2 protein chains.
Amino acid sequence: MFSIVMGMRGSRHDLDGLVEAALQLLDEFGLPDLSMRRLATHLGVQPSALYWHVANKQTLLAAVADRIVAEAAASSQESVTETAWGLREALLRHRDGAEVVISSAALSLGPGPLELRLRAAYEAQASTDPARDAAVTAQFLMGHAYLVQQRMQAAAIGAYDAVPAQVAESTRADFAAGLSALAPRGS
Amino acid sequence: MFSIVMGMRGSRHDLDGLVEAALQLLDEFGLPDLSMRRLATHLGVQPSALYWHVANKQTLLAAVADRIVAEAAASSQESVTETAWGLREALLRHRDGAEVVISSAALSLGPGPLELRLRAAYEAQASTDPARDAAVTAQFLMGHAYLVQQRMQAAAIGAYDAVPAQVAESTRADFAAGLSALAPRGS
DNA sequence: ACCTGAACACCGTTCAAGT
DNA sequence: ACCTGAACACCGTTCAAGT
């Protein structure tokens, strides 16, 4: 209660707390306005204090990306299609979520968590090349989500001619079409 | 000759000149270091002078993106597969080219030039839904190129375990696999 | 161990004023 | 028409010093 009234001023922080606060600011202000200085102010701390907990902004954003992906419903026994839809939803749930995830994806050496989840699903489906299938589907999924999210935000601002809901519906059909080509059930 | 020795100092500029200079700096320094101030210095002009020719940085980057896409070999009578490979090559040719193109793609209202080129190819191939096929393929193409380009740059820095050439070869196979699923020749 | 204070080397953009 | 000069409101990051 006290710390809520006073903000976070004076409280101790760890990496997890930074990630949570960053995700909150991301949803509220968007990626272009998510600065280390703003995050520090939000936590009631000097900018330099953040660098005790995290090496740099890029590392922090990678942790935010992992958190976003981890939020995708993770019931095992899921088909490739279900897994992909769940991941898509997770990226679209947070403002600029797709951009955060795709821009961190290649920096983490090797396949990131998103690609690994898809790979597990392809393996369960007895694909002949789960690694390749997962890579391709991950590329489509992230590219799709990135483009869709930008357009929906543009539509929300009104810089676009169509209603957000229309855009959303049409992009679901895009995703379904791509998925059915890339993840034929059976093999 | 004179203007080469003296740099661009004092010469008049238009939008096309800015785009050309920006593309040059992009290749040399990469997107994170392509600033309006650096571009101005390169042209021998004050930063504020750029805003006579272009509304803002975002607009300039959109023009750079269009230039990159326009550089893709554009012989009509090309199959979807050939068109897609040509576009992929164009994005990968310039440093951070894929990022520049994907981040501008959704800001231009409606389908951008990359998607339109694919649509024309799908139409020539008598697809039942050229607009949807082009949208899906564009999403895969840009997502793929973005991820591939980042990884290849990481490999070049040595932050990666594999040789750049290996990475490049493996990603060509990814692209081929995605394309053959999304662009079945015939229908 | 965790944070402050102060600095360094930058940004994009605006706008009056010059030519 | 095209550019300068100066300012505004910011950035990410480092590092000595405090507690």
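All chains are named by letter (A, B, ...) in the order of the sequence lines, taking the proteins before the strands, and each is independently numbered beginning at 1. Not measured: the values here are computed from a predicted model.
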- Task: Can you run down the ring-ring contact (aromatic ring centres under 6.0 Å, His included) pairs that involve residues 56-78 of chain B, sequence neighbours left out, and say none if there aren't any?
- Result: none
- Task: List for me each residue that meets side-chain hydrogen bond (donor to acceptor under 3.5 Å, both in side chains) alongside A:Q46, sequence neighbours excluded, and say none if there are none.
- Result: none
- Only pairs at least two apart or in different chains count here, so list each side-chain hydrogen bond (donor to acceptor under 3.5 Å, both in side chains) that has a residue in residues 109-121 of chain B. none
- Does B:T137 have any side-chain hydrogen bond (donor to acceptor under 3.5 Å, both in side chains) partners at least two apart in sequence or in another chain, and if so, which? B:Y122
- Query: Taking atom C1' in both D:dC3 and C:dC15, what distance in whole Å separates the two?
  - Reply: 13 Å
Between the protein and nucleotides 5-7 of chain D, which nitrogen or oxygen pairs are less than 3.5 angstrom apart?
{"residue": "D:dG5", "atom": "O6", "partner": "B:S48", "partner atom": "OG", "Å": "2.6"}

- Task: Send over the distance from B:L50 CG to C:dG12 C1', rounded to a whole Å.
- Result: 11 Å
Could you list the donor-acceptor pairs under 3.5 angstrom formed between side-chain atoms of residues 50-57 of chain A and any protein atom two or more places apart in sequence or on another chain?
{"residue": "A:H53", "atom": "ND1", "partner": "A:H13", "partner atom": "O", "Å": "3.2"}
{"residue": "A:H53", "atom": "NE2", "partner": "A:H13", "partner atom": "O", "Å": "3.3"}
{"residue": "A:N56", "atom": "OD1", "partner": "A:Q58", "partner atom": "N", "Å": "3.4"}
{"residue": "A:N56", "atom": "OD1", "partner": "A:T59", "partner atom": "N", "Å": "2.9"}
{"residue": "A:N56", "atom": "OD1", "partner": "A:T59", "partner atom": "OG1", "Å": "2.7"}
{"residue": "A:K57", "atom": "NZ", "partner": "A:L34", "partner atom": "O", "Å": "3.0"}

- Let me know the distance between CG of A:D14 and P of C:dA1, rounded to the nearest Å. 15 Å
- Message: Rounded to whole Å, please give me the gap between CZ in B:R38 and P in C:dC10.
- Response: 9 Å
- Taking atom CE of A:M36 and atom OG1 of A:T41, what is their separation to the nearest 0.5 Å? 12.0 Å
- salt bridge (charged side-chain N to carboxylate O under 4.0 Å, His left out) filter on B:R172, not counting sequence neighbours, yields B:E169
- For nucleotides D:dC2 and C:dA17, find the distance between their C1' atoms and express it as a whole number of Å. 13 Å
- Quick check: does any side chain N or O of B:T171 sit under 3.5 Å from a backbone N or O of B:D174, one acting as donor and the other as acceptor? no
- Item | Heavy-atom closest pair, residues B:A72 and B:L87 | CB-CD2, 3.8 Å
- Task: Scan residues 52-68 of chain B against DNA chain D and write down, sorted by residue number, each residue with any heavy atom closer than 4.0 Å; if none is found, say none.
- Result: B:W52, B:H53
Could you pull out all donor-acceptor pairs under 3.5 Å where a side-chain atom in residues 88-101 of chain B meets a protein atom, sequence neighbours excluded?
{"residue": "B:R88", "atom": "NH1", "partner": "B:H144", "partner atom": "NE2", "Å": "2.7"}
{"residue": "B:H94", "atom": "NE2", "partner": "B:E71", "partner atom": "OE1", "Å": "3.4"}
{"residue": "B:R95", "atom": "NH2", "partner": "B:E28", "partner atom": "O", "Å": "2.9"}
{"residue": "B:D96", "atom": "OD1", "partner": "B:Q153", "partner atom": "NE2", "Å": "3.3"}
{"residue": "B:D96", "atom": "OD2", "partner": "B:L31", "partner atom": "N", "Å": "2.7"}

- Message: Holding to salt bridge (charged side-chain N to carboxylate O under 4.0 Å, His left out), I want the full list of residues that pass it with A:E20, two or more places apart in sequence or in another chain.
- Response: A:R67
- Interatomic distance, A:H13 NE2 vs C:dA1 P [rounded to whole Å]: 19 Å
- Message: With the threshold set at under 4.0 Å for non-hydrogen atoms, list the residues of residues 22-36 of chain B touching DNA chain D in residue-number order.
- Response: none
- Which pair of heavy atoms, one from B:F140 and one from B:L179, lies closest together, and at what distance? CE2-N, 4.0 Å
- Would you confirm whether B:S35, through its side chain, and B:R38, through its main-chain N or O, come within 3.5 Å as a donor-acceptor pair? yes
- With rounding to whole Å, what would you report as the distance between D:dC11 and C:dC8 at their C1' atoms? 12 Å
- Note on the structure: Intra- and inter-strand pairing of DNA chain C, written as dot-bracket with Watson-Crick and G-U pairs under 3.5 Å and | for the latter, reads ||.|||||...|||||.||
